[in-house]
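One structure is given here, and the rest of the page talks about it.
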Amino acid sequence: MIEIINLTKRYGNITAVTDISLTIPNGQLFGFLGPNGAGKTTTIKTLVGLLKPTLGTVKIEGFDVQKQPLEAKRVVGFIPDKPFIYEKLTGREFLQFIAGLYQVEQRDVEERITQLLDMFELSDWGDELVESYSHGMRQKLVMSAALIHQPQVIVVDEPMVGLDPKGARLVKKIFRELCDKGTTIFMSTHTLEIAEQMCDHIAIIQKGQIIAQGTIEGLHRLAQTTKTNLEDIFLELTGGYEMKEVIEFLKN
Ligand SMILES: Nc1ncnc2c1ncn2[C@@H]1O[C@H](COP(=O)(O)OP(=O)(O)OP(=O)(O)O)[C@@H](O)[C@H]1O
């Protein structure tokens, strides 16, 4: 479970996030949808303890991310949009390194790595250096690393950007299976159709404020029946050109 309570984040004079509150229950695949610069990454970095809120509180599985950072970090897996990976390690070595940081029981590490490489279709690449990986393979390796300690909550920034359609469908399947087993996923995206294809519940952020939230059906209804500017926002968010192929593939 994730709780965001009256979160505000300012950078100097710029207010990136203004008083947002959200509760995401266990097992939900939650979509955080908004155009560029809306405040998605700022919220995500606050959620995982990389930024300190100006005001408000963020809790992961009941742990206050500011006051109980170690407890919170133990139960969360973070997949950033611009990940850092050690190029001179093999995929397997990178996962061993991350398992060490999370203090995964030594006797479980190899089995877990084998499972993850298999799950993300990287088994043939586990012993190759990361520097030889494609962008999509790196992304799948970073996702494997975020799952190594079997977190109850996953926070992921724009997971589909840079994946090819096959990779996107694999990630969609893995996320759904994780949620079905009770994992909570908080996922940002700037593409309405990605949110539509993947998420149980969506909140729309614009200029740092939540302007609507609900199921995708509920949001479409709201866009048609009220005098909000939701329709314009939907137009802005609908199918970024670069995502068209991925979206088509996800629909099947
Ligand atoms: N380190 C920073 N210093 C100053 N302003 C920042 C900083 N990081 C973000 N901002 C500003 O805060 C606002 C929200 O940015 P943020 O990166 O959270 O948006 P986003 O929704 O993730 O956008 P994108 O989809 O482009 O990644 C923007 O106006 C941005 O310029």
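Atoms within a ligand are numbered from 1 in the order they appear, just like the ligands themselves.
The proximity of Ser188 to ligand 1, defined as any non-hydrogen pair under 4.0 Å, does not occur for either the backbone or the side chain.
Summarising the geometry, atom CG belonging to Asp81 is positioned 7.0 Å from atom OG belonging to Ser188; distances are rounded to the nearest 0.5 Å.
Checking only distances, Ala38 does come within under 3.5 Å of ligand 1, N or O to N or O. Among the atoms of Lys40, some N or O lies under 3.5 angstrom from an N or O of ligand 1. Taking only nitrogen or oxygen atoms, main chain and side chain alike, Asn36 reaches within less than 3.5 Å of ligand 1. For ligand 1, the polar-atom distance check against Thr41 finds a nitrogen or oxygen pair separated by under 3.5 Å. Between Gly37 and ligand 1, a contact under 3.5 Å exists for at least one N or O pair.
Using a 4.5 Å heavy-atom threshold, the side chains of Asp118 and Thr114 count as separate.
Ligand 1 places these atoms under 4.0 Å from at least one heavy atom of Ala16: 12 (O), 13 (C), 14 (C). For ligand 1, the atoms sitting less than 4.0 Å from at least one non-hydrogen atom of Pro35 are 21 (O), numbered in the order shown with element in parentheses. When each atom of ligand 1 is checked for a heavy atom of Thr42 under 4.0 Å away, the hits are 15 (O), 16 (P), 18 (O).
Both tests hold for Lys9 against Tyr11: distance to the six-membered ring centre under 6.0 Å, angle to the ring axis within 45°.
Salt bridge absent: Lys82 and Glu158 never bring a charged side-chain N and a carboxylate O closer than 4.0 Å. Taking a cutoff of 4.0 Å between a charged side-chain nitrogen and a carboxylate oxygen, Glu110 and Arg92 qualify as a salt bridge. Ion pair Glu177/Lys181 not flagged as a salt bridge, since none of the NZ, NE, NH1 or NH2 atoms sits closer than 4.0 Å to an Asp/Glu carboxylate oxygen.
In this structure, Gly208 falls outside the shell of residues with a heavy atom less than 4.0 angstrom from ligand 1.
At distances below 3.5 Å, at least one donor-acceptor pair connects side-chain atoms of Arg112 with backbone N or O atoms of Leu147.
Protein heavy atoms are absent from the space less than 4.0 angstrom from atom 30 (C) of ligand 1.
From the protein, the heavy atom lying nearest to atom 19 (O) of ligand 1 is Gly39 N, 3.1 Å. Of the protein's heavy atoms, Tyr11 CE1, 3.4 Å lies nearest to atom 10 (N) of ligand 1.
Screening His149, Glu61, Gln103, Gln68 for a side-chain contact (heavy atoms from CB on, under 4.5 Å) involving Arg74 leaves a single residue, Gln103.
Tracing side-chain contacts under 4.5 Å through hydrophobic residues (I, L, V, M, F, W, Y), one never reaches Leu50 starting from Met187; they form parts of separate clusters.
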